[in-house]
Amino acid sequence: MKVLVTGHKGYIGPHVVKLFQNAGHQVTGVDLNLFEECAWENLPTADNELSKDFRDLTMDELSGHDCVIHLAAISNDPMGDLVEDLTYANNLRGSIDLAKKSKEAGVPRFLFSGSCSVYGKGESLDLDETANLNPITAYAHSKIETEKEVKKMADDNFAPAYLRNATAYGHSPNLRIDLVVNNLLGCAFVNGNIQIKSDGTPWRPLVHCKDIARAFLAFAEAPREAIFNKAVNIGSNEENYQVKDVADIVQKLLPDAEIVYTNEVGEDPRNYRVNFDLLSEVIPGFKLEYSVESGMVELFDKFKEHNFSKEDFDGDQFVRIRTLKHKLNKLEVAQ
Ligand SMILES: NC(=O)c1ccc[n+]([C@@H]2O[C@H](COP(=O)([O-])OP(=O)(O)OC[C@H]3O[C@@H](n4cnc5c(N)ncnc54)[C@H](O)[C@@H]3O)[C@@H](O)[C@H]2O)c1
């Protein structure tokens, strides 16, 4: 299969490139390289590398692919709030346009990287794909509005699907520590304490970034009718945690680290526990490879291997919003 992956040099993308190549597929990667120099390990090279904005892809560049995997985005809540206009231009209008162009170019399958953050302030626990959506950030709005628009494009020749990923964690060659698990473990590793910015009660579904990549591979290889125009939560029922539970798991690895509540963000309105039953119906037999606990052990070993330091934790390299502030012109120029 020939797949085109946007955003293949971000946090999740390197796992996607490697897994697809290992499965014998040919990968075209498209990335603006916003975070390329943030990588702490070599990134896998796609079979065809396009260093450009996905919004400038031509029909010629898209045609001939069997599947587009659309990861590229301004990719979290705080960043979306910092640059709301850019979030809508890039994540929403850019994504709708890419789906349109992919369809016109004859690409039969389009997999969109969505997010469980569309549930926002969860109205009840165990939210499934039919639950009311309560997006409370520009980022979450961009994800759900894209889903709605691309849904209308589905037909006999174009099979989109929407992977609503849980919050990612774990090791990647292009690490981020602005995600709750990685952040709490990194903080304990360099500061000797675990700083929780909320009151620790909000629920979050969590999934290893490599398991997200495995889900994309499964959706790309699945029969068309299994995935056709479906929005599917990506994660596992057992992997919903309250932030304070995550802190307890960190403490198991670093028993001397004290848990400190900084109350920096007050009550966190983002609170959702998610049901993942549909995933096993759509992709029978799909199981996560990692739990938060095993993913943390792996990342802990990587912190030791890379001598992860306080400078690393406090610097720009592993925090998307700090790096992005210096890169906004790259995205603006392309609007
Ligand atoms: N990390 C998570 O917790 C998580 C959870 C759910 C969903 N997602 C979604 O998965 C996708 C990938 O997430 P990530 O954590 O790897 O993000 P990331 O920010 O680490 O990587 C995004 C990549 O996209 C590229 N990019 C951004 N805009 C571009 C453009 N216009 N043209 C070309 N390249 C562009 C960046 O250079 C970067 O390499 C995103 O759509 C994100 O919203 C992530």
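Remember, it's 1-based here, ligands and their atoms both numbered in the order they're listed.
Close approach to L179 involves these atoms of ligand 1, each under 4.0 Å from a residue heavy atom: 3 (O). Using a 4.0 Å cut-off to heavy atoms of I12, the atoms of ligand 1 that qualify are 10 (O), 12 (C), 13 (O), 16 (O), 44 (C). Listed by atom number, the atoms of ligand 1 under 4.0 Å from K9 heavy atoms are 39 (O). Heavy-atom contacts of A166 reach the following atoms of ligand 1: 5 (C), 6 (C) (cutoff under 4.0 Å). Per-residue contacts place G114 under 4.0 angstrom from the following atoms of ligand 1 (heavy atoms of the residue considered): 6 (C), 7 (C). Contact atoms of ligand 1 toward R320: 18 (P), 19 (O), 20 (O) (distance under 4.0 Å to a heavy atom of the residue). Close approach of ligand 1 to N165 (heavy-atom distance below 4.0 Å) involves ligand atoms 6 (C), 7 (C). Close contacts between ligand 1 and G7 involve ligand atoms 23 (C), 24 (O), 25 (C) [criterion: under 4.0 Å to a heavy atom].
With Y241 as the aromatic partner, R204 does not meet the cation-pi criteria of under 6.0 angstrom to the ring centre and within 45 degrees of the ring axis. In this structure, R214 is positioned above the aromatic face of F286, its NZ or CZ under 6.0 Å from the six-membered ring centre and within 45° of the axis.
A donor-acceptor contact shorter than 3.5 Å is absent between the side chain of N275 and the backbone of L127.
Checking only distances, A168 does come within under 3.5 Å of ligand 1, N or O to N or O. Backbone and side-chain nitrogen or oxygen atoms of L34 are examined, and one is located within less than 3.5 angstrom of a nitrogen or oxygen of ligand 1. In terms of polar-atom proximity, Y139 is counted as a contact of ligand 1, with an N or O under 3.5 Å from an N or O of the ligand. For the pair R176 and ligand 1, the shortest N or O to N or O distance falls below 3.5 Å. Checking only distances, G10 does come within under 3.5 Å of ligand 1, N or O to N or O. Checked by distance only, ligand 1 and S75 come closer than 3.5 Å through their nitrogen or oxygen atoms.
By heavy-atom distance, the residue among A72, A39, S95, S51 lying nearest atom 29 (C) of ligand 1 is A72. Comparing L71, L32, V118 against atom 11 (C) of ligand 1, the shortest heavy-atom distance belongs to L71. Nearest residue to atom 31 (N) of ligand 1 from N90, I321, V5, I212 is N90 (criterion: closest heavy atom). For the residues D56, T323, D31, the heavy atom positioned nearest atom 25 (C) of ligand 1 is part of D31.
The backbone of K52, and not its side chain, has at least one atom closer than 4.0 Å to an atom of ligand 1 (non-hydrogen atoms only; backbone = N, CA, C, O). Looking at C209 against ligand 1, nothing comes within 4.0 Å, counting heavy atoms. At a 4.0 Å heavy-atom cut-off, ligand 1 touches D53 through backbone and side chain alike.
Of the candidates E239, E238, H208, V292 forms a side chain to side chain contact (heavy atoms under 4.5 Å, CB included) with just one, namely E239.
Judged purely by distance below 3.5 Å, without hydrogens or angles, the side chains of N240 and Y272 never pair a donor atom with an acceptor atom. Using modelled atom types and a 3.5 Å distance limit, the side chains of S75 and R176 yield a donor-acceptor pair. A donor-acceptor contact closer than 3.5 angstrom links the side chains of N165 and S113. Under the 3.5 Å distance criterion, with hydrogens and angles disregarded, no donor-acceptor pair is assigned to the side chains of N174 and S172. Between the side chains of N193 and Q195, at least one donor N or O sits under 3.5 Å from an acceptor N or O.
Within 6.0 Å of CG in N22 there are more than 12 heavy atoms belonging to other residues, nucleotides or ligands.
Every residue two or more places apart in sequence or in another chain that forms a ring pair (Phe, Tyr, Trp, His ring centres under 6.0 Å) with F20 is listed here: H25. In this view, E311 satisfies the salt bridge (charged side-chain N to carboxylate O under 4.0 Å, His left out) rule with no residue, not counting sequence neighbours.
Within the structure, the closest approach of E36 to ligand 1 does not fall below 4.0 Å when heavy atoms are considered.
Taking hydrophobic clusters as Ile, Leu, Val, Met, Phe, Trp and Tyr residues chained together by side-chain heavy-atom distances below 4.5 Å, V107 does not share a cluster with M1.
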